[in-house]
Amino acid sequence: MSRWSVSVQAEGDRPVTLDEVVALADAVAPLDGIASGVGTPAYGAQIVIEALHADAAVEAALSAFADAARAAGLPDWPATRAEVVSEDDIAADPMWFDDPALPDPGSGDPALGG
C-alpha cells in the first residue's frame, strides 16, 4: 500500500466563504488535509489516501472529499478536477525540494524527519 496526495476541486455557482473553507479544513484534517476556495466559485482539498494504485486513491479521495464537504455543510457541487501523486514520487523528485525558502529535508533537523 502506498500513500497518495490527492487534490480534488468542486465547482459551483457562487463564491465560497471563509467560514465554509474553514469548516472544510476541519473536515479534512483527519486525512492530513488542507482546504481552499475562499472567494471563488469552487472549493477544494488536498488529502492523503492509502491505496494500492493511483486510480484507487482517486476513487477513495472523491468519496472522502464528498463526505467532508457534506460534513462541512457545503453545497453538493460536482467534483471537476482530481490530481494524484504518490508520496514516493514526491520524495524521489528533487524538484519538490528546490525552493530555497524551504528547509532541506536532508538537513538532519528532527522536525523534518532527518
Can you name the closest pair of heavy atoms from [X] and [Y] and give their distance?
X	Y	result
V28	A68	CG1-CB, 3.6 Å
A42	V16	O-CG2, 3.3 Å
A71	A27	CB-CB, 4.4 Å
A51	A57	CB-N, 3.6 Å

To the nearest 0.5 Å, how far apart are [atom1] in [X] and [atom2] in [Y]?
X	Y	atom1	atom2	answer
D32	R3	CG	CZ	5.5 Å
S2	E50	OG	CD	9.0 Å
R14	T40	CZ	OG1	10.5 Å

| task | Could you please spell out the steps behind the side-chain contact (heavy atoms from CB on, under 4.5 Å) verdict for D13 and W77? | result | CA-CA 9 Å; D13 58 359; W77 293 343; 3.7 Å; yes
| field | Over 12 non-hydrogen atoms of neighbours within 6.0 angstrom of CD in E87 | value |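 Count over threshold, so yes.
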Tell me if a side-chain donor or acceptor on [X] pairs with a main-chain N or O of [Y] at a distance below 3.5 Å.
X	Y	value
Y43	P75	yes
W4	V58	no
S63	A60	no

| task | Compare all side-chain heavy atoms of L74 with those of L24 and state whether any distance is below 4.5 angstrom. | result |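 With C-beta onward as the side chain, the pair touches.
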| Is there a side-chain contact between V8 and L62, using heavy atoms and a 4.5 Å cut-off? |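 With C-beta onward as the side chain, the pair touches.
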| Audit row: V48, L31, side-chain contact (heavy atoms from CB on, under 4.5 Å) steps and yes/no | CA-CA 6 Å; V48 176; L31 301 168; 5.9 Å; no
| Any luck finding a side-chain donor-acceptor pair between S5 and Q46 under 3.5 Å? |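 Distance-only check passes for S5 and Q46.
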